[in-house]
Amino acid sequence: MSTKESKPNLSRSQITEVIKKLYGLTVSNIRPLPSYDDQNFYVDSIEGGEYLMKVMNSADSQNVTLTGLQTHVMNFLHQKGLPTQTAIPTLTGQLMSLEELDCGFGNQKYLVRLLTYLHGTTVAKITCGPQMLYEIGKMAATLDTILLQMEHTDIRSLEREGFIWSLSNIPLLNQYLHVMDGSPVQKIVKAVLEQYDTQIVPKLTLFRKCINHGDLNDHNLLVKPDGPSKYKISGILDFGDMSSGYFIFELAITIMYMMIENPNPVEVGGPVLAGWESVFRLNDAERDSLYLLVLCRFCQSLVLARYTVTQQPENEEYLMITSKTGIRHLSRLWELGKEEVERIWFQSAAQFTQTILDTNCN
């Protein structure tokens, strides 16, 4: 099945009927929300609640165990005080339901969940200063450390062998490199993939393991005003890319995505790293790998976005959001080189941490 046929394309009326049947709620307002390969709707009900209706693509809908675990993780983190969504039970008490629906490709089965709706502005829409970046780094490390406490019978389903978005599977990008033909960063992408094999793979045994959210991008983090000129994190969204991984992967992914809309992208790494290390300090192997892993995530984003556009040309604007600036950022990081970027990040992190210590002492 092609990616295009896998992505659901349900109408508002179909969603309204499903919500009535499964949850007994009457929809008063419904509108589509952006999504990479699933389908999301904002839902307001006559009964008074606001929700997010998430319809999984038909490919991922076949893995009920993994989706069930992702739903459990959201509930677990919410109970631990993090601002995550939680799933609303159906009339029969289920947290998700496999529904047979027709999106124009014949009847297919789609997993549907009704989640709590979190208010806030995406990080992509604000100017992220150093303090906000620090808080994002701190939150990312906190999330991963909390998940070390979680126990679940299906936790092994997160060992997603062959999952293309895991930084463990960077070599899998080689099969998609043809979509970068003619791109100004094609040579850089190839070089990064080669360096992953020689510089990252030998260090994997030295990285500390954890469960990764895997997609802490600037559209999956919500913030609310906290005073006249500050923000606080009000929502952590989309656990669909969760997998077993390493702490350093989460940090690299977070830094990469926080660079996308920032006016000073190279300087982002310092405060994010400072926030991260206020919770979880890196070891030498992890610190030595951070620069290259950030580049690897840029390569994943650029290559897979290009490939997915060939499958979903009608969704090109959303799919290429990161690519608009990603090429420029990847080129700049590569031009500066590992030594200079690390100098900027590590010195900035140390200075930021010292500033916080001095403030707390006064």
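Just the heavy atoms: all of them, side chains too, but no hydrogens, waters or symmetry mates, feed the values below.
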Distance (rounded to the nearest 0.5 Å) between [X] [atom1] and [Y] [atom2]:
X      : Y      : atom1 : atom2 : value
Gln39  : Asp37  : CD    : CG    : 11.5 Å
Gln186 : Leu302 : CD    : CG    : 12.0 Å
Ile211 : Leu148 : CD1   : CG    : 7.5 Å
Asp218 : Ile260 : CG    : CD1   : 6.5 Å
Leu206 : Ser289 : CG    : OG    : 8.5 Å
Ile19  : Ile30  : CD1   : CD1   : 5.0 Å

[X] vs [Y] side-chain heavy atoms within contact, under 4.5 Å:
X      : Y      : result
Met139 : Ile233 : yes
Leu98  : Ser61  : yes
Leu118 : Ser234 : no
Tyr42  : Glu50  : yes
Ile146 : Phe76  : yes
Asp215 : Trp165 : no
Leu222 : Thr121 : no
Asn220 : Thr122 : no

Kindly say whether [Y] contributes a backbone atom to a donor-acceptor pair with the side chain of [X] at under 3.5 angstrom?
X      : Y      : result
Thr84  : Ile236 : no
Asn169 : Leu172 : no
Glu277 : Leu282 : yes
Ser28  : Asp44  : yes
His329 : Met259 : yes
Glu267 : Trp345 : no
Thr198 : Gln195 : yes
Ser301 : Phe298 : no
Asn283 : Glu286 : yes
Glu99  : Val18  : no

Same hydrophobic cluster for [X] and [Y], using side-chain heavy-atom links shorter than 4.5 Å among ILVMFWY?
X      : Y      : result
Leu22  : Leu10  : yes
Met56  : Leu95  : no
Leu25  : Met96  : no
Leu111 : Val43  : no
Leu77  : Phe280 : yes

Cation-pi geometry met for Arg306 and Tyr176 (6.0 Å, 45°):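 Not flagged: Arg306 not positioned over aromatic ring of Tyr176.
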Any pair counted as salt bridge (Lys or Arg N to Asp or Glu O under 4.0 Å), so long as it reaches residues 191-207, sequence neighbours left out: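 Qualifying pairs, neighbours excluded: Lys203-Asp288.
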Aromatic plane relationship, Tyr117 with His119 - under 30° parallel, 30 to 60° tilted, over 60° perpendicular: perpendicular
Is the number of heavy atoms from other residues, nucleotides or ligands under 6.0 Å of [X] [atom1] greater than 12?
X      : atom1 : answer
Gln149 : CD    : yes
Asn29  : CG    : yes
His72  : NE2   : yes
Gln175 : CD    : yes
Tyr231 : OH    : no

Thr116 vs Gln85, side-chain hydrogen bond (donor to acceptor under 3.5 Å, both in side chains): CA-CA, chis, key distance, verdict: CA-CA 5 Å; Thr116 50; Gln85 297 169 289; 5.4 Å; no
Distance-only donor-acceptor check, side chains Gln108 and Asp102, under 3.5 Å: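 Not at all, the side chains of Gln108 and Asp102 share no donor-acceptor pair under 3.5 Å.
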Working for side-chain hydrogen bond (donor to acceptor under 3.5 Å, both in side chains), residues Arg113 and Thr71: CA-CA 9 Å; Arg113 288 174 294 169; Thr71 306; 2.9 Å; yes
Table please: side-chain donor-acceptor pairs of residues 242-253 below 3.5 Å, with sequence neighbours left out.
from   : atom 1 : to     : atom 2 : distance (Å)
Ser244 : OG     : Leu158 : O      : 3.4
Glu250 : OE1    : Gly214 : N      : 3.0
Glu250 : OE2    : His213 : N      : 2.6

Trace of the salt bridge (Lys or Arg N to Asp or Glu O under 4.0 Å) decision for Lys7 with Asp38: CA-CA 6 Å; Lys7 182 180 172 71; Asp38 300 322; over 6 Å; no
Salt bridge flag under 4.0 Å for residues Lys20 and Glu17: no
Cationic N near anionic O, under 4.0 Å, Lys232 to Glu135: no
Heavy-atom pair with the smallest gap, counting every atom of Ser157 and Leu69: OG-CD2, 3.4 Å
Heavy-atom closest pair, residues Gly270 and Ser348: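 Here Gly270 and Ser348 meet closest at CA-OG, 3.6 Å.
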From CA spacing to verdict: side-chain hydrogen bond (donor to acceptor under 3.5 Å, both in side chains), Asn57, Asp60: CA-CA 6 Å; Asn57 65 77; Asp60 288 340; 2.9 Å; yes
